Amino acid sequence: MFSFDTPRRPRRPSLTPMIDVVFLLLVFFMIAARFGPEAGIEIVAAQAGGAGDWQGPPRLIEVRPDGLSLNGQAMAPDQIAAELARITPAPGDPVLLRARDGADLQALVDAMEALGQAGVTGLMLVE
């Protein structure tokens with residue numbers, strides 16, 4: 001039998017690289033996590049028996065794949081906000097919002113955000 005080298009004791013694997021990877025993952029997830037208030041659209045559920053008298057002209061905003069319309073007239077979001085300010089007695093008055101003809105959800109959310117930034121607080125989402 002040949003003996004080329006003196007036998008060594010088997011070494012245990014080092015855990016240092018694994019600990020480094022765990023700390024890197026911990027730092028990554030801490031940086032990627034969101035701490036604080038979430039930005040979003042507040043949606044309040046309707047309450048039964050809360051129907052009141054309608055004040056003023058109709059206010060129906062339709063979100064379509066090709067744009068927005070107010071009471072059947074195609075308009076840009078800033079024009080809709082200006083027209084709503086003109087026809088609503090108060091900013092909290094109900095404004096109906098409806099998605100039509102296969103409009104995607106992002107277009108509906110964009111319309112809700114634009115109207116919210118314009119001061120419209122009485123949005124009601126209808127089918």
Side-chain angles (χ1 to χ4, degrees):
M1 177 154 38
F2 296 96
S3 175
F4 295 111
D5 196 9
T6 59
R8 291 191 232 165
R9 285 184 355 178
R11 285 181 42 191
R12 292 189 315 174
S14 173
L15 295 179
T16 305
M18 185 181 71
I19 293 171
D20 290 344
V21 168
V22 169
F23 279 119
L24 285 173
L25 287 173
L26 179 67
V27 169
F28 170 78
F29 286 115
M30 286 176 58
I31 291 172
R34 293 185 182 196
F35 301 106
E38 293 287 327
I41 299 173
E42 181 181 344
I43 298 177
V44 179
Q47 298 177 2
D53 294 332
W54 186 271
Q55 300 292 323
R59 298 174 291 268
L60 174 63
I61 299 172
E62 293 182 327
V63 180
R64 298 177 185 272
D66 58 347
L68 301 175
S69 65
L70 174 65
N71 296 332
Q73 300 294 323
M75 294 184 188
D78 55 340
Q79 292 173 321
I80 289 178
E83 184 66 17
L84 282 175
R86 186 182 70 77
I87 65 175
T88 53
D93 285 346
V95 175
L96 302 178
L97 186 65
R98 181 184 348 176
R100 299 289 295 205
D101 302 331
D104 62 354
L105 182 61
Q106 186 61 50
L108 185 66
V109 170
D110 291 343
M112 291 173 72
E113 285 181 347
L115 292 168
Q117 289 174 353
V120 178
T121 58
L123 281 178
M124 299 173 73
L125 188 60
V126 296
E127 289 186 42

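These figures come from a predicted structure and were not determined experimentally.
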Side chain to side chain contact (heavy atoms under 4.5 Å, CB included) with Arg59: of Ile87, Leu97, Leu96, only one passes, and it is Ile87
Can you tell me how far apart [atom1] ([X]) and [atom2] ([Y]) are? Round to the nearest 0.5 Å.
X      : Y      : atom1 : atom2 : answer
Gln117 : Asp78  : CD    : CG    : 12.0 Å
Leu24  : Ile19  : CG    : CD1   : 12.0 Å
Ile80  : Met75  : CD1   : CE    : 6.5 Å
Asp110 : Leu105 : CG    : CG    : 9.5 Å
Gln73  : Leu68  : CD    : CG    : 13.5 Å
Leu115 : Ile61  : CG    : CD1   : 4.5 Å

*With the side chain counted from C-beta on, respond yes when Thr88 and Val120 share a heavy-atom pair under 4.5 Å apart, and no when they do not.*
no
Are [X] and [Y] connected, step by step, through hydrophobic side chains (Ile, Leu, Val, Met, Phe, Trp, Tyr) whose heavy atoms are closer than 4.5 Å?
X     : Y     : value
Phe28 : Phe23 : no
Ile31 : Val21 : no
Met18 : Val27 : no

Which pair of heavy atoms, one from [X] and one from [Y], lies closest together, and at what distance?
X      : Y      : answer
Ala103 : Val63  : CB-O, 3.2 Å
Arg98  : Leu60  : NH2-CD2, 3.1 Å
Pro65  : Arg100 : CD-O, 3.6 Å

